[in-house]
> 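Can you keep this structure in mind? I'll have questions shortly.
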There are 2 protein chains.
Amino acid sequence: MDHSKTGTSHSDSLLFLTDEQLRKGIEAMFFAYRGFTADPDRILEGMDYGRAHHRALHFIHRSPGTTVNNLLAILGVTKQSLNRVLRSLIEDGLVESRVGRADKRERHLHLTEKGADLERSLSDAQRARMRAAYRAAGPGAVQGFRHVLEAMMDESARKQYLSLKENSP
Amino acid sequence: MDHSKTGTSHSDSLLFLTDEQLRKGIEAMFFAYRGFTADPDRILEGMDYGRAHHRALHFIHRSPGTTVNNLLAILGVTKQSLNRVLRSLIEDGLVESRVGRADKRERHLHLTEKGADLERSLSDAQRARMRAAYRAAGPGAVQGFRHVLEAMMDESARKQYLSLKENSP
DNA sequence: TTGGAAAGTCAACAAGGCTGACTTAAAACC
DNA sequence: GGTTTTAAGTCAGCCTTGTTGACTTTCCAA
């Protein structure tokens with residue numbers, strides 16, 4: 001297989017896709033993801049919580065009343081892994097677990113006021129960075145950013161991403 | 001603080017930056033990063049290696065002869081953490097560590113043929129996904145994608161990202 | 001020649017993934 | 001009504017990848 005730049009570029013209808021360009025994109029993802037998680041990580045360090053707790057808080061906030069099974073599917077982790085995180089959040093009074101009314105096997109998850117406070121401080125920080133990045137890149141860039149990211153997801157992730165509240169495109 | 005949609009949108013010269021939009025961007029990063037790492041992860045599972053090994057191989061490939069200290073700065077991990085990864089790669093004959101000529105304290109890292117083979121299979125998979133995403137999103141989107149990601153990085157990460165071989169913009 | 005930087009090593013630990021086995025309760029099925 | 005399936009939770013144990021702290025060896029440079 002030929003991995004030189006000419007290998008993909010000359011035979012390709014989209015000439016801009018050199019391996020060089022692709023490598024830059026890959027590295028951009030790597031470095032940007034670090035920035036993306038840096039602010040919440042900073043807030044959480046020192047507390048007993050980590051990135052896993054942040055993710056749980058985010059998706060419970062986004063979809064109040066979601067079930068444990070739902071959350072498992074979204075986060076893509078095992079029940080045991082999530083349970084550890086969820087247990088500490090419930091014990092500390094950040095998350096409330098309510099027995100389902102229609103189906104009593106299910107537990108519906110909600111943030112308490114305290115949980116909502118932490119979630120807000122985390123997402124404020126993350127949104128601030130995202131907002132700054134969007135502003136710096138300009139309106140046109142935002143659409144492209146989202147398009148590429150959506151195309152990069154696995155099928156199942158894309159479905160989860162697109163589901164729930166559909167909003168203005 | 002007001003976190004409703006109107007809180008940021010009405011007083012803002014860039015009207016598209018609603019909290020809703022920002023949340024979508026945040027979730028896009030989360031789901032896309034999973035897709036981004038999925039293919040290499042699949043290749044590495046079963047081998048004794050993980051994502052940390054992939055990262056080391058990538059940056060040694062990109063900058064042959066880089067020193068350990070250099071690599072530490074790029075990867076943003078501790079010496080001990082990298083050392084464990086590097087040791088196994090060297091023991092398995094994927095990476096070669098050469099004593100520096102000018103400064104014999106330094107070790108310069110190179111991929112062996114075997115190491116280059118693995119690196120190639122990993123980056124082939126990752127590039128294929130990136131290429132598909134770029135194609136699906138179209139030429140205009142790629143610029144926007146990169147602009148937003150670059151703006152999202154920390155200062156130090158951005159410098160590292162922009163340094164080394166500068167290529168066609 | 002001495003101080004300090006670069007590299008490596010050892011020990012111990014934590015977060016957050018994983019598998020496998022098992023319980024409980026409730027729903028769904030036949 | 002009895003059986004099977006499902007949702008949740010738990011226990012035990014493992015792995016990877018990150019961390020800190022203490023220490024040694026090498027060797028450059030002031």
Side-chain angles (χ1 to χ4, degrees), chain A residues 30 33-34 37-38 40-60 65-92 95-110, chain B residues 30 33-34 37-38 40-60 65-92 95-110:
Chain A
F30 172 69
Y33 198 77
R34 273 226 302 249
T37 57
D41 283 357
R42 239 185 313 270
I43 292 171
L44 289 165
E45 93 178 355
M47 304 197 204
D48 280 356
Y49 304 133
R51 218 175 274 182
H53 300 82
H54 179 197
R55 292 199 281 258
L57 290 175
H58 174 96
F59 284 106
I60 295 171
T66 188
T67 64
V68 173
N69 248 5
N70 242 317
L71 207 48
L72 286 180
I74 289 170
L75 296 175
V77 299
T78 59
K79 185 174 51 162
Q80 296 88 330
S81 226
L82 176 59
N83 198 255
R84 187 179 3 186
V85 165
L86 228 39
R87 202 188 320 162
S88 68
L89 290 174
I90 291 170
E91 274 170 10
D92 297 349
V95 167
E96 202 186 337
S97 167
R98 302 182 195 155
V99 173
R101 284 194 309 146
D103 185 336
K104 291 177 194 164
R105 291 171 306 178
E106 295 179 342
R107 301 299 138 91
H108 298 274
L109 304 169
H110 298 264
Chain B
F30 172 69
Y33 197 77
R34 274 225 302 248
T37 57
D41 283 358
R42 241 184 311 271
I43 292 171
L44 289 166
E45 96 178 353
M47 305 196 203
D48 279 357
Y49 303 133
R51 217 174 274 181
H53 299 83
H54 178 197
R55 293 198 280 257
L57 290 174
H58 174 96
F59 284 106
I60 295 171
T66 188
T67 63
V68 173
N69 247 9
N70 241 317
L71 208 48
L72 287 180
I74 289 169
L75 296 175
V77 299
T78 58
K79 186 173 53 164
Q80 295 87 333
S81 217
L82 176 60
N83 198 255
R84 184 178 10 189
V85 165
L86 231 37
R87 201 188 322 159
S88 69
L89 290 174
I90 292 170
E91 275 170 9
D92 298 350
V95 167
E96 204 186 336
S97 167
R98 300 182 196 155
V99 173
R101 283 195 309 149
D103 184 338
K104 292 176 192 164
R105 292 168 304 179
E106 295 180 342
R107 301 300 135 92
H108 298 273
L109 303 169
H110 299 264

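Chain A is the first sequence line, chain B the second, and so forth, proteins listed ahead of strands; every chain is numbered from 1. All values reported here derive from a predicted model rather than from experimental measurement.
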> Taking all non-hydrogen atoms of both residues, which atom of A:Val68 and which atom of A:Leu86 are closest, and how far apart?
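In terms of heavy atoms, the two residues are closest at CG2-CD2, 4.2 Å.
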> Check the pair A:Val77, A:Val85 against side-chain contact (heavy atoms from CB on, under 4.5 Å), reporting the backbone distance first and the verdict last.
CA-CA 11 Å; A:Val77 299; A:Val85 165; over 6 Å; no
> Sequence neighbours left out, cut at 3.5 Å: what donor-acceptor pairs do the side chains of residues 45-53 of chain A make with other protein atoms?
| unit_1 | atom_1 | unit_2 | atom_2 | d |
| --- | --- | --- | --- | --- |
| A:Tyr49 | OH | A:Asp92 | OD2 | 2.3 |
| A:Arg51 | NE | A:Asp41 | OD1 | 3.3 |
| A:Arg51 | NE | A:Asp41 | OD2 | 3.3 |
| A:Arg51 | NH2 | A:Thr37 | OG1 | 3.4 |
| A:Arg51 | NH2 | A:Asp41 | OD2 | 2.7 |
| A:His53 | ND1 | A:Gly50 | N | 3.0 |
| A:His53 | NE2 | A:Ser88 | OG | 3.3 |

> Would one find a side-chain N or O of B:Asn69 under 4.0 angstrom from OP1 or OP2 of C:dA7?
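Answer is yes, contact under 4.0 Å.
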> At less than 4.0 Å, is any side-chain N or O atom of B:Arg107 found next to OP1 or OP2 of C:dA6? Yes or no.
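For B:Arg107, the contact criterion (side-chain N or O under 4.0 Å from OP1 or OP2 of C:dA6) is not met.
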> What is the distance, rounded to the nearest whole Å, between atom CD of A:Glu45 and atom P of C:dA14?
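For the pair A:Glu45 CD and C:dA14 P, the rounded distance is 16 Å.
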> side-chain contact (heavy atoms from CB on, under 4.5 Å) between A:Phe59 and A:Leu75: does it pass, once the steps are laid out?
CA-CA 9 Å; A:Phe59 284 106; A:Leu75 296 175; 3.7 Å; yes
> Assess whether side-chain contact (heavy atoms from CB on, under 4.5 Å) is satisfied between A:His108 and A:Thr66, documenting all intermediate values.
CA-CA 5 Å; A:His108 298 274; A:Thr66 188; over 6 Å; no
> Please determine whether side-chain contact (heavy atoms from CB on, under 4.5 Å) holds for the pair A:Arg107 and A:Val99, giving the CA-CA distance in whole Å, both sets of side-chain angles, and the decisive distance to 0.1 Å.
CA-CA 5 Å; A:Arg107 301 299 138 91; A:Val99 173; 3.9 Å; yes
> Is the closest side-chain heavy-atom distance between B:Phe30 and A:His58 below 4.5 Å?
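Counting from C-beta outward, B:Phe30 and A:His58 never come under 4.5 Å.
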> Name the orientation class of the two ring planes belonging to B:Tyr33 and A:Tyr33 (parallel below 30°, tilted from 30 to 60°, perpendicular beyond 60°).
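Judged by the thresholds at 30° and 60°, the geometry between B:Tyr33 and A:Tyr33 is parallel.
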> Students should find this one: the first and last nucleotides of DNA chain D, 5' to 3', lying under 4.0 Å from a heavy atom of chain A. What are they?
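The footprint of chain A covers D:dT6 to D:dC11.
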> Tell me the interatomic distance from A:Asp48, atom CG, to C:dA15, atom C1', rounded to whole angstroms.
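After rounding, the reported distance stands at 11 Å.
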> Using a cut-off of 4.0 Å on non-hydrogen atoms, how would the nucleic acid contact of B:His53 be classed: base, sugar-phosphate, or nothing?
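Sugar-phosphate, no base atom in range.
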> Starting from P on C:dG17, measure out to CZ on B:Arg51 and report it in whole angstrom.
10 Å
> Is any side-chain heavy atom of A:Ile60 less than 4.5 Å from a side-chain heavy atom of A:Leu57?
no
> Indicate for each nucleotide in nucleotides 18-30 of chain C, in 5' to 3' sequence, whether protein heavy atoms under 4.0 Å reach the base (B), only the sugar-phosphate (S), or nothing (-).
BBBB----BS---
> To the nearest angstrom, how far is A:Leu86 atom CG from C:dA15 atom C1'?
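From A:Leu86 CG to C:dA15 C1': 16 Å.
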> To the nearest Å, give me how far apart CG (B:Asp41) and P (C:dG17) are.
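That distance rounds to 13 Å.
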